[in-house]
Amino acid sequence: MAPVLEVSGLKTHFFTRAGTVKSVDGVSFHVERGEVLGLVGESGSGKSVTGFSVMGLIDPPGRIVEGSIKLNGKELVGLDEEGFREVRGREVAMIFQDPMMTLNPVLRVDTQMIEAVTAHDKVSHKAARERSRDALAKVGIPSPEERLNAYPHQFSGGMRQRVAIAIALLHRPPLIICDEPTTALDVTIQSQILAEMQGLCADTGTALVWITHDLGVVAGLADRIAVMYAGRIVETGAVDPVLDTPLHPYTSGLLGSLPAEGEPGAPLRQIRGSTPSLARLPQGCAFAARCDYVQADCLALAPDVTPFPGARGVRCHHPLNLAGVAA
Amino acid sequence: MTTPILTLEGVSKRFTKPLDAASKFANLLGAKYSEQVVHAVDSVDLSIRQGEVVGLVGESGCGKSTLGRVVAGVHHASSGRVSWRGRYTNEMSAEERKAATLAIQMIFQDPMSSLNPRLRVTDIVGEAPVVHGLVPKAQQDSYVAEMLDRVGLDSTYRRRYPHQFSGGQRARIGIARALAVKPQFLVCDESVAALDVSIQAQVLNLFMKLRDELNLTYLFISHDLSVVRHLSDRVVIMYLGRVVEAAPAAELFKGPQHPYAQALLANVPSIAARKKRFAPLKGEIPSPLHPPSGCHFHPRCPQAGPRCRVERPALKEIATGHVAACHLHDGGVGALAA
Amino acid sequence: MLAFILRRLAQALFVIAAMLVIVFFGVNVVGDPIYMLISPEMDQQQIAETARALGLDRPIWEQFLVFLKNAAQGDLGRSFVHGESAIKLILHRMPATLELAFVALVLAIVIGLPLGLYAGLKPESRLSRFIMAVSILGFSLPTFWVGLMLILTFAVGLGWLPATGRGPTVSILGLETSLLSLKGWQHVALPALNLALLKISLVIRLARAGAREAALMDYVKFARAKGLSQSRIIGVHILKNIMIPIVTVLGLEFGSLVAFSVVTETIFAWPGMGRLLLEAITRLDRPVIVAYVMVVVVLFVTINLLVDLVYSALDPRVRLTEATS
Amino acid sequence: AQELKIGLSAELSSLDPHYHNLTPNNMLARHIYEPLVGQDEKQALKPLLAESWKAIDDTTWEFKLRKNVKFHDGTPFTADDVIATMQRAPNVPKSPSSFSAYVRGKEFTKVDDFTVRVKTATPAPLVPTDLSTFGIIPAKCKDTTTEDFNLGKCTTGGTGAYKQAEYVAGDRVVLTPNESYWGGKEPWSKVTFRMITSAPTRVAALLAGDLDVIENVPTSDVARLKGDAKLSVASTVSNRVIYFHMDHFREVSPFIKGKDGSEIKNPLRNLKVRQALSMAINRPGIVDRIMEKEAIPAGQLLPDGFFGTSKKLKPVAFDLNGAKKLLAEAGYPNGFKMKLHGPTNRYLNDTKIIEAVAQMFSRLGIETEVETLPSANFFTRASQGGQGNVPEFSFILVGWGAGTGESSDSLKALLATFDPAKGMGATNRGRYSNPTFDAKVDEALRTVDDAKRDAALAEAMEISMNDVGLIPTHYQLNTWASRKGVKVLARTDEYTLATGIRKD
Amino acid sequence: MSEATLPAAAPPVEAKEETPFRRFVRSFIEDRLALFGLALFILIVLLAVAAPLIAPQNPYDLASVDVMDSRQPPGAASGEGFTMWLGSDGVGRDLLSGILYGLRISLMVGAFSGILAATIGSAVGLIAAYVGGRTENAIMRLVDLQLSLPSVLVALILVAGLGKGVDKIIIALVMVQWAYYARTVRGSALVERRKEYVEAAQSLGLSHARTVFRHILPNCLAPVIVIVTVQTAHAISLEATLSFLGVGLPQTEPSLGVLIANGFQYMLSGSYWISVFPGFALLMTIVSINLVGDRLRDVLNPRLEK
Ligand SMILES: Nc1ncnc2c1ncn2[C@@H]1O[C@H](COP(=O)(O)OP(=O)(O)OP(=O)(O)O)[C@@H](O)[C@H]1O
Ligand SMILES: Nc1ncnc2c1ncn2[C@@H]1O[C@H](COP(=O)(O)OP(=O)(O)OP(=O)(O)O)[C@@H](O)[C@H]1O
Ligand SMILES: [Mg+2]
Ligand SMILES: [Mg+2]
């Protein structure tokens, strides 16, 4: 069966006055039907830009320079605005990080939902409203009929995120891209949303790309994981092997820095330095300057993806834990 | 070492928006305007011993920062008393108060907004010690260099502005600023929340190092349980302005007693838990403007009973050093207290 | 809501009281009205008689007390010059000024909003830069100068529109308006454009800034992600958000429109209250100045109240009790 | 018959003919309510509602009224209306400038329906002139208020050639012709007076065809309008003189200093200094460069030919060297410092004139400064701004229009010794005082015989001008512009009368 | 704890020594139109400053102005022999000299009223925001009051009362403009006050005055700079309007506004230059200030700052 989404060699660059920012620089991944892919990485590593590229929401000075994005077999790169408009919301939806900002504060919830329905389906206002109400009910909002008449500011953060999810689900798209939808929420509310999403996707067979920097969330939710660093995916694979036996030093470093993992009070493993500027990437491996295992070739040559069994891949000249990977 | 250096006794902080003359007049005409009161902190008792790291956790808006600010002297308590090294702050002389202010320093959440963007690092860090006469003006520069060294920053960056640093470096500048006035007590308000994990580890390590080197005491505020667990000796959990449970860290993480604490711990995502089924708490966090009656947690509590709706549970010691405010541990939730 | 209105009322009373004192004593500092009223051939006896008749022979504070006493009885004084109730004179001329200001406001929005929106959404385009550069001219040129230029071009040169005056008026619901006839519109076109010029630039700027900011907002991105068309996003999502600052500012600016109409009314011989005020100031017709200030303050307070109501209708986040701060 | 649209330069304050003695008011009222005695375009008296008048003795005048005159509603006009008017005119409540001065001290008696006698306590040669200043209203409207006059509630109307049709305060007055006017039919079906205070706008409105006639054409536009084939321009010398008043009464004048800034004795009390100043003013230059030829150099207070003017007085010729010599003779070879004051936007080109004169004085060696003030401020200070409510300034520019068309008022108000009790020198802002002159004026004001009075006034004029009591610079021209085909009768009194506008 | 776990942080991302000021200058000059505006403005200021040196005539010296030279077209020779390149006005003043000197006055009026109003308004706004409570309420009511009164009117009444003169005009303009600054500064000070660096200053025991003026104030200056430009331009054209209404500056020492107002009566007569040239000078001045102001607005707007 063909994957819902197949991204290959995607390069999205921003041409700013300060130079070309290579936010996404040769990213390839795919998402199967009904699958949850966790896209993790630190701030500024290009996760959101990857998501926006799929949605066709890259604005000047940014541009998709190269690569292909196939959604249900249909090529998206090169589509015009109208072409993208037809895809958005119907074949792929997106939920954003900050629930306070994603809903227009001056429009009522029903307006914002109904317009989303009628953007793709020629249905009556009444039918659209009913559909919106059902969607709200499905994401667990009590008394949805009344809530439709409310303004966003009358909802709490968690409820707003649910409204956003309801909007994303309106057309039952086969794929939803979730850009850190729970980062701004409290732990207990985050759990509510995660539970909600889990249930809904199981029911509808929707595939998810879950963008986050929280490895814990990915561990609990995702089937597969892709770790991004400086505009590239440095490691992919099923959740368990990647988290248990990371191949890339960066993945390994990340896991080591998590306080939950160490003995309380013991010094944490830390990755020295900080993320490089995407406008001035070094010639070799982008992680080389911070890597504990750096060798001469790392500085000279950017590594390619080395495939490993179990659909794993790593972009490193000298992967770790090779022993842990079944040959 | 067992006498506390900092004690809070029934500290409350209320934010009120009083009625203006027009609203009062309107009330005479039959309108119903009332004062808006937020009980950000609601009679909290807490004592912290020398050298201890106390973690303070709770959901957003539950009053953690406000409590931290009261401790650091940025806010005054609306009621209750704070004592520092055995002296009540409201009874201190100006001299003593200044000493206390400097002794208790705060480190803030946002590494960008907590640094004045128009000042150079040397002024950010060096201003207060010079103003307070801890360091002569002539030595400001070398003193700042020393401080930067201590927090692991290259001391040649002194003449730069905050925007020229990365997030982790800014966090270090904030720490250097606090250290520059030679504090004994640090209030860390979500000081690592804005940092990436890899940077967060650097800063957490720095905190631990400084504690050992300078014998500092910490009130460590965070909503990230794993950070708190890693760092703290003792953990205090707040819910809507009140302390609901406090215990030594290891004990609390082993066996939380308050239903809220239990839910909180259960919901922390962890990389150890793969493909788990999330079993969340029901309900929304209530508004602090209109907190629920009785136990603030009762509308969301799976085990709530009639008593919880009416009666505020008191903090009860369950084991040594382990207190919780729940009727379950104090005669049950079924009936009203006599 | 009630408290809100009360607060506004109290504010208005305070402003009126303050202005009263300032105007009353200020006019006295400028000069003695008697010299502006009396015919120069008159002798000393006649001057004294007239001053007595108008109450101008008494010390200023005594005149003030008399004024307060009469005001308490609802009599705000008679115009020295016209001999009629000052407030009546003003109210009589007010519709013309309001009509002018209103048309100017509409022009400002109709012309300024689309231009500003465009400039904000395409900030880098040549046309946008051109719009912005030209909009500077709007508030660089003195109103009186532009007014005469408009007359020279459209009335004298091209002969398209009448140069001066107001068209025939009809009374609907007690309000005199000239906007119901084509002739009325022809008359109002030039003065309104003259008055609107300043505000057009302002609206362009506000709309541009608003659009630039709104375009960066997540909710616009989210609206696109929903698959909405560009026109709906601009026409509903962005527009409604930028209307909020525009409505607020224009509400405040309505006052300055009314004030600047002093100049425009003079140039275009528009029979509004601005000209009456100017005449009153030059002739030291104190009762009229006082009445004007009162009427204008009441007008502003009313408009501000309306603006706040519109504001809260546009922006559901705003609760009226907070709008004042 | 067709409509006539006229652009006026000033706003009238009321349509009540007795409320406010103000040029635009009087002028408009003249269309509706006629006075007993009229003034022709040169302000010579002519019969109007009174067919004739004569002085029976030094203190009694008799007026014979015109018969068969009807008010607008058909009510016949009789002596009763005259008596009623004389009762109302001086007593309009809240009048900012009433006509009481013209009625004061006169006793009116009805001899028969068409004869009225006026008795005065002292000889009063000016009775006919006084009675030419305001219109006669019907007895029925004796108690009509000012507001009601504005609203046209005096339905009886006047006897004039036009009837009040519409009055929109601050905007327009519309008149319709009185079909049964005793003086014949007017050619216009309707006359609209529009008030357009901004001069360029008025001109533009004429050019744009909004108006048929405009008054007070700005001097700068006269040349252009004269050159326009579609327009015609009418002008005549006006009764208004522009002059400088100077401080005659203070030992030390506040705005005059020595060159080094020290206090000096008031030089303006020295005749030679005054003569030098007058001589230093290039009157033809002002007329040519600033007034753009729309003025005539002045040598006295009214243009030649007006009643009570001297044929001997000519404008002082410009002679800078002569002036310098005089100044040196007076003891000021190096001049002094002086600040000139004047109003803004009160007289044609007022600020430019004062600036030009200041330039001329500085060529004489006097260091000048100029301060112009809004009229409201200027006239108060110029009249009573100094210590003890005396005139404040040292040297001011002012203008004076002789509404009565003869020089007695001018001399009495501007140059006679300031004396509130006698009503003399009311506007003497320089406090000039000359007993010989005063005596001559007094004599003139008591002489009923016109020829003798004319001579006495001329003599008084000569005395004051030779003594340089004030320095006249020029007489303005009154200028009207109209559409070709519409002819305006130019008047010296600045009145724009529809009755004087005819189709060509 | 081992030392090895605490390596020094990597060097900052951008190694250049870039002060906020340099950063500001760099982004400012990226816009060519704004640069043009700035150059024009500097040129205008230089011309104004150098007026006594370059003007053919001292137009304020009555002895050197001759009414016989009045209304001469551009290029005519004056009585004294120099060429009046831009013609002369109604009293014989060389227009080029008049404009150069007029610029001085107009710029002075604009700059002084701008700076004074900015200083007073900022201080008031800052205090209101920092002190809060009743003080803030009282101040803000006063500001509302001021803002609700139309500026032309207030200035008109004030100048009528105060009399003419540059100082009087400046007082009047300050009176009508300070409130804009107070409102703006209070707005941004409220935002700044909530930032953590202010709390940091408090917890470091710094005095209120130090906190307000050293920490909060510099961070509120960006919007002030922007309104200074706009309000300066506004002040200059308001002064012109007041002159037109007859309550502006003295006739004998004309500002650009007075020159325009004086020339106004010649607009129809064909002597267009008397009003048009000063009008053009005013236009250029205000346009240049606004071009600079617009760019400042863009550069200093934190929300658009990346
Ligand atoms: N409009 C833009 N112009 C220039 N650079 C941009 C733009 N948008 C994004 N970038 C750059 O692209 C890089 C990747 O950004 P992106 O938002 O994808 O990061 P992210 O992984 O989503 O980070 P976060 O976790 O903070 O959301 C960043 O370095 C950012 O500076
Ligand atoms: N200055 C203030 N004025 C009014 N209310 C305030 C103020 N500061 C805090 N509050 C209110 O007090 C409550 C507690 O706020 P606080 O900042 O202490 O919460 P917190 O636990 O730190 O939350 P977070 O995790 O979001 O930082 C909140 O409801 C907040 O709205
Ligand atoms: Mg992102
Ligand atoms: Mg907090």
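Labels below follow one simple rule: chain letters A, B, ... track the order of the sequence lines, proteins then strands, and each chain is numbered from 1.
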Would you kindly say whether [X] and [Y] are connected by a side-chain donor-acceptor distance under 3.5 Å?
| X | Y | answer |
| --- | --- | --- |
| Arg205(C) | Ser135(C) | yes |
| Thr182(A) | Gln161(A) | no |
| Thr12(A) | Ser53(A) | yes |

Structural part of [X] lying under 4.5 Å from a heavy atom of chain C:
| X | result |
| --- | --- |
| Leu57(A) | both |
| Gln97(A) | neither |
| Phe84(A) | neither |
| Ala164(A) | both |

*Does Lys221(C) make a cation-pi contact with Phe52(A), if we ask for NZ or CZ under 6.0 Å from the ring centre and within 45° of the axis?*
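Judged by the rule (NZ or CZ under 6.0 Å from the ring centre, within 45° of its axis), Lys221(C) counts as positioned above Phe52(A).
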
*Considering only heavy atoms from C-beta outward, does the side chain of Lys47(A) approach that of Asp179(A) to under 4.5 Å?*
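Counting from C-beta outward, Lys47(A) and Asp179(A) never come under 4.5 Å.
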
Which of [options] touches chain C most, by non-hydrogen pairs under 4.5 Å:
| options | result |
| --- | --- |
| Glu81(A), Arg85(A), Glu82(A), Arg90(A) | Arg85(A) |
| Ala119(A), Pro105(A), Ala116(A) | Pro105(A) |
| Glu86(A), Arg108(A), Gln112(A) | Gln112(A) |

_Looking at Tyr151(A), I want to see if its OH is surrounded by more than 12 non-hydrogen atoms of other residues, nucleotides or ligands under 6.0 Å._
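Above 12, so yes.
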
